Amino acid sequence: MSRMLLCLFLISVSFAFFPFTGEDADTLGKGGLQWETQYAHFKHYDETVHKDVVLQITGGIKDNMDIALIIPYSFYRYKDGTRNDGFSDVGVFIKHIPVEAGNFKAGYKLQLNFNTGKERIGYGKITGNVNLIAQMCKDSICYNTNFVYIKASFVEELRDTYGIILSTYKKLGKSLTLGGEVKLLRPAEDGVNKLDSHILLGGVYSFDKLSVSLGFHKGITRHSTFANWGILAGFLMTF
């Protein structure tokens with residue numbers, strides 16, 4: 001079960017515009033540095049509780065390219081009362097936004113996850129995932145699309161996961177951004193023929209070089225391996 005939940009984890013954390021699970025099309029710029037702490041709490045339909053605490057350090061290596069290090073720690077409490085916690089697989093990603101034309105941006109994020117996690121917390125093998133990103137902004141509103149692919153078919157009982165994340169963000173004044181997203185995914189568990197669908201509503205409040213974020217995640221499709229609801233919170237410092 002924990003490996004199945006990891007596929008949710010891989011597309012629920014480690015992105016630039018937390019608490020939203022789609023990768024945005026913004027970059028830090030050459031020499032930029034960002035420190036982020038993310039927390040996610042999910043309750044699944046089978047009563048499993050899954051929590052993640054993630055440290056992400058991101059640096060700008062070009063004006064349109066970022067590199068990031070992701071260090072996750074996960075907690076599980078299963079419906080039979082047993083518990084498991086420990087470090088999950090450390091990840092590294094590169095985000096590159098080579099297309100910028102007026103208000104439109106497009107690019108990709110390539111992520112590699114190393115086999116560093118505790119048994120039954122990590123995958124037990126090196127894995128990878130990719131996001132294809134397109135974003136259009138006009139005035140104070142941005143529309144974002146992510147096509148997501150996670151390579152997991154070489155892990156026992158899992159298959160490759162892919163899907164789409166559609167997001168809209170609106171900036172209210174200088175400090176507050178509110179947004180929502182819809183996520184549709186092919187489940188990682190082999191034999192589950194339902195699409196795993198979610199909605200997420202959230203906001204980011206920024207002042208000076210500090211940002212705090214909060215989001216609420218709700219599952220639409222009901223299945224024992226899917227998340228019913230979740231709460232996400234984050235703290236970000238830019239240097």
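The first residue of the sequence shown is numbered 1, and numbering continues consecutively from there. Remember, predicted model here, so these are calculated numbers, not experimental data.
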Validation row: Met65, Ile94 side chains within 4.5 angstrom (heavy atoms): yes
Give the intermediate values and the outcome of side chain to side chain donor-acceptor pair (under 3.5 Å) for residues Asn131 and Glu23. CA-CA 7 Å; Asn131 290 44; Glu23 184 69 48; 5.4 Å; no
Thr238: what forms a side-chain hydrogen bond (donor to acceptor under 3.5 Å, both in side chains) with it, not counting sequence neighbours? none
Do you know the tightest heavy-atom contact between Asp52 and Ser74? OD1-OG, 2.6 Å
Lys79/Asp46 salt bridge by N-O under 4.0 Å criterion: no
Would you confirm whether Lys138, through its side chain, and Ile141, through its main-chain N or O, come within 3.5 Å as a donor-acceptor pair? no
Would you confirm whether Asn113, through its side chain, and Gly91, through its main-chain N or O, come within 3.5 Å as a donor-acceptor pair? no
In one Ile/Leu/Val/Met/Phe/Trp/Tyr side-chain cluster, 4.5 Å: Val92, Ile57: yes
Sequence neighbours excluded - ring-ring contact (aromatic ring centres under 6.0 Å, His included) pairs with any residue from residues 157-179: Phe17-Tyr169, Phe20-Tyr169
So which heavy atom on Gly29 is nearest to which on Asp66, and how close? N-OD1, 4.3 Å
Heavy-atom nearest pair, His96 first then Pro98, reads O-CD, 3.2 Å
Looking at Gly234, is its backbone amide N or carbonyl O close enough to the side chain of Ser213 to form a donor-acceptor pair, meaning the two atoms are under 3.5 Å apart? yes
Judged by atom type as modelled, is there a donor-acceptor pair below 3.5 Å linking the side chain of Arg186 to the main-chain atoms of Asp160? yes
Determine whether Pro19 and Val204 make a side-chain contact, defined as any pair of heavy atoms from C-beta on separated by less than 4.5 Å. yes
Give a yes/no verdict on a cation-pi contact between Lys118 and Phe87, requiring under 6.0 Å between NZ or CZ and the six-membered ring centre and an angle within 45° of the axis. no
Could you tell me if the ring centre of Trp229 sits under 6.0 Å from that of His41? yes
Give the cluster check for Ile164 versus Leu200: same hydrophobic cluster or not, with ILVMFWY residues linked at side-chain heavy-atom distances below 4.5 Å. no
I'd like to know if Asp24 pairs up with Lys95 as an ion pair, taking the criterion as any Lys NZ or Arg NE/NH1/NH2 lying under 4.0 Å from an Asp or Glu carboxylate oxygen. yes
Residues forming a ring-ring contact (aromatic ring centres under 6.0 Å, His included) with Phe75, sequence neighbours excluded: Tyr73
For Phe147, give me all partners under ring-ring contact (aromatic ring centres under 6.0 Å, His included), at least two apart in sequence or on another chain. none
Shortest non-hydrogen contact between Ala25 and Gln135, atoms and distance: N-OE1, 3.2 Å
Are Leu166 and Val148 grouped together when hydrophobic residues (ILVMFWY) are joined by side-chain heavy atoms under 4.5 angstrom apart? no
Side-chain contact, heavy-atom cut-off 4.5 Å: Phe18 with Leu232? yes
Could you grab the distance from atom CG of Asp89 to atom CD1 of Ile126, nearest 0.5 Å is fine? 9.5 Å
Full working for side chain to side chain contact (heavy atoms under 4.5 Å, CB included) between Leu236 and Gln34: CA-CA 7 Å; Leu236 181 149; Gln34 186 171 279; 3.4 Å; yes
Are the side chains of Lys170 and Leu178 in contact, using a 4.5 Å heavy-atom criterion? no
Nearest-0.5 Å distance that lies between atom OG1 in Thr127 and atom CD1 in Ile150: 8.5 Å
Heavy-atom pair of closest approach, residues Leu28 and Gly60: CD1-N, 4.2 Å
CG on Asp63 to OG1 on Thr27, rounded to 0.5 Å: 7.0 Å
From Asn103 CG over to Tyr143 OH, what is the distance, rounded to the nearest 0.5 angstrom? 11.5 Å
Ring pair (Phe, Tyr, Trp, His ring centres under 6.0 Å) assessment of Phe226 paired with His44: CA-CA 6 Å; Phe226 296 168; His44 288 251; 8.7 Å; no
Can you name the closest pair of heavy atoms from Leu214 and Ala233 and give their distance? CD1-CB, 4.2 Å
Can Ile199 be reached from Leu201 by stepping across I, L, V, M, F, W or Y side chains whose heavy atoms are under 4.5 Å apart? no
Are Val54 and Ile70 close enough that some pair of their side-chain heavy atoms sits under 4.5 Å apart? yes
Please list all pairs meeting salt bridge (Lys or Arg N to Asp or Glu O under 4.0 Å) that have one or both residues in residues 202-228, counting only residues at least two apart or in different chains. none
Mutual orientation of the aromatic rings belonging to His50 and Phe42 [parallel < 30°, tilted 30-60°, perpendicular > 60°]: tilted
Could you tell me whether the side chain of Val99 reaches within less than 4.5 Å of the side chain of Phe104, counting heavy atoms only? yes
With a 4.0 Å cut-off on N to O distance, would you call Asp196 and Lys183 a salt bridge? no
Counting only heavy atoms not in Lys151, do more than 12 sit closer than 6.0 Å to its NZ atom? yes
Distance check, rounded to the nearest 0.5 Å: Thr221 atom OG1 versus Leu195 atom CG? 6.5 Å
Going by atom types alone, do Glu181 and Thr21 pair a side-chain donor with an acceptor below 3.5 Å? yes
Output the distance between atom CG (Leu176) and atom OH (Tyr205), rounded to the nearest 0.5 Å. 8.0 Å
Side-chain heavy atoms nearer than 4.5 Å, only ILVMFWY residues, links allowed to pass through others: does that put Leu110 and Ile133 together? no
With sequence neighbours excluded, tell me which residues meet side-chain hydrogen bond (donor to acceptor under 3.5 Å, both in side chains) with Ser211. Ser206
Are His223 and Tyr45, when compared by the centres of their aromatic rings, separated by less than 6.0 Å? no
Does any N or O in the side chain of Arg77 come within less than 3.5 Å of the main-chain N or O of Lys51, such that one atom is a donor and the other an acceptor? no
